[in-house]
Amino acid sequence: MTLIPKPNRSKLYQQPNRKNEWETVEEEEQARQAALEEQLKVLRSLLPDIIKKFERIPDPRRPRNTRHKITVVLLFGLLMFVLRYDSRRMANQEMTRPSVLETLRVVLPEIDSCPHMDTLARVLESIAPEEIEDILGKTVKKLINNKKFKRLMADGCYVVAVDGTLKWSTKRPFSPQAMTKKSGNTITYQVYVLEAALVGPQGIALPLMSEFCENPPDNSELKKQDCERKAFYRLSERLKSLFPKQPLMIVADGLYPNGPVMATCRANKWDFMIVLPNELCLSTVWTEAKAICSLEPGQKLVNHWGDRIQNYWWANQINYGWKDKEGKKHYIVLHMVVCHETWQSDGETKESTWAWVSAKAISNKNVLGRCNGAARYRWNIEEHILTEKKHGYNYEHMFSYHWNGMKCWHSLMHLGHLLNILILHTVGLWKTVKKLGINGTLRFLKQTLTGKWADLSRLAALPDKPQLRLII
């Protein structure tokens, strides 16, 4: 089994440096209409279930003061991220234009009013963030159950990557839940998030859920702050609740190879491939692995992966022990695999070494699938977070300084990003994506939807719930 490296998705974000292919206005109109119809097929396939879930969220407003249904308010917030507006102010200016509203009402008959984004901000301050994020997870779960993501599986599991990132920092004490970092006499207040995403080939990363690192509101006597690893245990409980029987493989970076994390995965019946950053991390495992490898010379494999030569070696059945806070000793059986790569670049030979600790025994039959086909996809979540930071979703923008409201905006952003990922990976739009790039395609669709390009009668005639056909 030989797996080629994942494609360079950074090229898909670049606008091609060439003239457009249309020669007449009619050709451009036809291309825009066809692309918009493909986008709306995805929205009409997924939004009805999302809107039904919006309806179940308790409305925190007093009925007498309510001008807009909660489904409409939340739907406008979701469309703000689907159309990738930079801020609430920009969304207010653009989405309330009569021409835009006319198109939106044809596409989504549920839109019977036009709320202000400040109305949405006030509503989100009083809604439990889990209500919105639960919609995100259940949308992905339904697509998995409908076998839309079977090609994302590796070694019989869906691969879930976890990674922490800084969302925002300021020197202003905006919320007691914020993490604090002291440098000299300066205190920085931070919003730090642990993200989980379903990852796979072609650079795919589908957002699943977020766990915020947060201190208790009354943290005057707090001795130790929250951290990414503590957030992982909370996230694992929610992930297990969402996928109680689904076979999952956790892939994570060098923060996670420790006893309690791996024991948590085992307790949840999850597979895992976790990075070992160096030989100081789990040093006893390294020592035993090298000893086993010297006794088992057949546990090696040479593979050509694209332009790279990979030399694998592995060791199985390694006992690893650690002590908990009470001093009780615990043991777990681990397996380890190391990959040394060499390749040519600019006439020079370059090399790198990767190591992972595995929940399953490594063999000639599964080493490539587990390493190249699963563990290496941990990169995708880093690119996914970078996309949300730099390519239109304003991950690092707060949208609200209210802690609860900020978390709800964050969940809406993920839900909007998920819809865009599915739109971009439909069979009907993939050729456009390869021509215009990811950013170019989303810009093209936005211009078409918000401009006077669309034939509204054709849009109105689209089926209510068309079949979703993905290339994933």
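Everything quoted here is computed from the prediction, not taken from an experiment. Heads up: numbering here begins at 1 and tracks the sequence.
The shortest non-hydrogen separation linking Ala154 to Gly373 is CB-O, 3.3 Å. Heavy atoms only, all atoms of each residue included: Pro115 and Val72 are closest at CD-CG1, 3.9 Å. Of all heavy-atom pairs between Arg370 and Asp271, the closest is NH1-OD2, 2.6 Å. Ile127 and Asn404 make their closest contact through O-ND2, 2.6 Å (heavy atoms, listed as atom of the first residue, atom of the second, distance). Closest of all the heavy-atom pairs between Val162 and Ala196 is CG1-CB, 4.1 Å. Taking each heavy atom of Leu101 and Thr96 in turn, the nearest pair found is CD1-O, 3.7 Å.
With a 6.0 Å radius and a threshold of 12 heavy atoms from other residues, nucleotides or ligands, Asp346 has its CG atom at or below the threshold. The 12-atom threshold is exceeded at CG of Asn146, counting heavy atoms of other residues, nucleotides or ligands nearer than 6.0 Å. Within a 6.0 Å sphere centred on NZ of Lys465, other residues, nucleotides and ligands contribute more than 12 heavy atoms. Atom CZ of Arg458 sits in a crowded spot, with more than 12 heavy atoms from other residues, nucleotides or ligands closer than 6.0 Å. When the shell of 6.0 Å around CZ of Arg172 is examined, it contains more than 12 heavy atoms from other residues, nucleotides or ligands. At most 12 heavy atoms of other shown residues, nucleotides or ligands fall within 6.0 angstrom of atom NZ in Lys435. Residue Glu23 places its CD atom among 12 or fewer non-hydrogen atoms of other residues, nucleotides or ligands, all under 6.0 Å distant. In this structure, Lys230 places its NZ atom where more than 12 heavy-atom neighbours from other residues, nucleotides or ligands lie under 6.0 Å away.
Taking CD of Gln39 as the reference point, atom OG1 of Thr426 lies at 9.5 Å (rounded to 0.5 Å). Separating the CG atom in Leu136 from the NZ atom in Lys53 is a distance of 11.0 Å, to the nearest 0.5 Å. Between the CG atom in Leu78 and the CD1 atom in Ile51 there is a gap of 8.5 Å [rounded to 0.5 Å]. Put simply, CZ on Arg105 and SG on Cys114 are 6.5 Å apart, with the number rounded to the nearest 0.5 Å. In this structure, the separation between NE2 on His410 and OG on Ser400 is 13.5 Å, given to the nearest 0.5 Å. Rounding to the nearest 0.5 Å places CD of Glu211 at 11.0 Å from CG of Leu239.
For the residue pair Thr180 / Gln190, no side-chain donor-acceptor distance below 3.5 Å is found, with atom types taken as modelled. No donor-acceptor contact under 3.5 angstrom links the side chains of Lys181 and Ser169, judged on distance only. In this structure, a donor-acceptor pair under 3.5 Å is present between the side chains of Arg97 and Ser99. Side-chain N/O atoms of His68 and Thr119 include no donor and acceptor closer than 3.5 Å. In this model, no donor atom of one side chain and acceptor atom of the other lie less than 3.5 Å apart for His384 and Glu195.
A cation-pi arrangement is found for Arg376 relative to Trp354, the charged atom lying closer than 6.0 Å to the ring centre and inside a 45° cone about the ring normal.
Below 30°, between 30° and 60°, or above 60°: for Phe81 and Phe399 the angle between ring planes is above 60°, a perpendicular geometry.
Residues Arg61 and Ile70 are in side-chain contact: their nearest non-hydrogen atoms beyond the backbone lie under 4.5 Å apart. Counting heavy atoms from C-beta on, the side chains of Leu429 and Leu445 come closer than 4.5 Å. For the pair Arg84 and Tyr393, the minimum side-chain heavy-atom distance is below 4.5 Å. The closest side-chain heavy-atom distance from Arg378 to Val199 is not below 4.5 Å. Put simply, the side chain of Arg44 reaches to within 4.5 Å of the side chain of Pro466, judged on heavy atoms.
For the side chain to side chain donor-acceptor pair (under 3.5 Å) criterion with Arg32, the lone passing option out of Gln30, Glu28, Glu29 is Glu28. If you run side chain to side chain donor-acceptor pair (under 3.5 Å) between Tyr312 and each of Asn364, Asn372, Asn303, only Asn372 comes through. Between Arg88 and the options His397, Met117, His116, a side chain to side chain contact (heavy atoms under 4.5 Å, CB included) holds for only Met117.
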* Derivation and outcome, side chain to side chain contact (heavy atoms under 4.5 Å, CB included), residues Leu468 and Leu470 -> CA-CA 6 Å; Leu468 187 62; Leu470 302 173; 4.0 Å; yes
* Passes salt bridge (charged side-chain N to carboxylate O under 4.0 Å, His left out), Glu38 versus Lys41? Steps please. -> CA-CA 5 Å; Glu38 292 297 332; Lys41 286 178 183 178; 3.5 Å; yes
* Under the salt bridge (charged side-chain N to carboxylate O under 4.0 Å, His left out) criterion, do Arg234 and Asp226 qualify, and how do the steps go? -> CA-CA 11 Å; Arg234 300 195 299 272; Asp226 199 6; 2.7 Å; yes
* With side chain to side chain donor-acceptor pair (under 3.5 Å) as the test, would you mind laying out the steps for Tyr256 and Glu228 before giving the verdict? => CA-CA 10 Å; Tyr256 291 90; Glu228 182 178 336; 2.6 Å; yes
* For the pair Leu208 and Leu206, evaluate side chain to side chain contact (heavy atoms under 4.5 Å, CB included) and give the outcome as yes or no after the intermediate values. => CA-CA 6 Å; Leu208 276 179; Leu206 303 171; over 6 Å; no
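For the pair Lys167 and Glu388, the salt-bridge criterion is not met [side-chain N within less than 4.0 Å of a carboxylate O].
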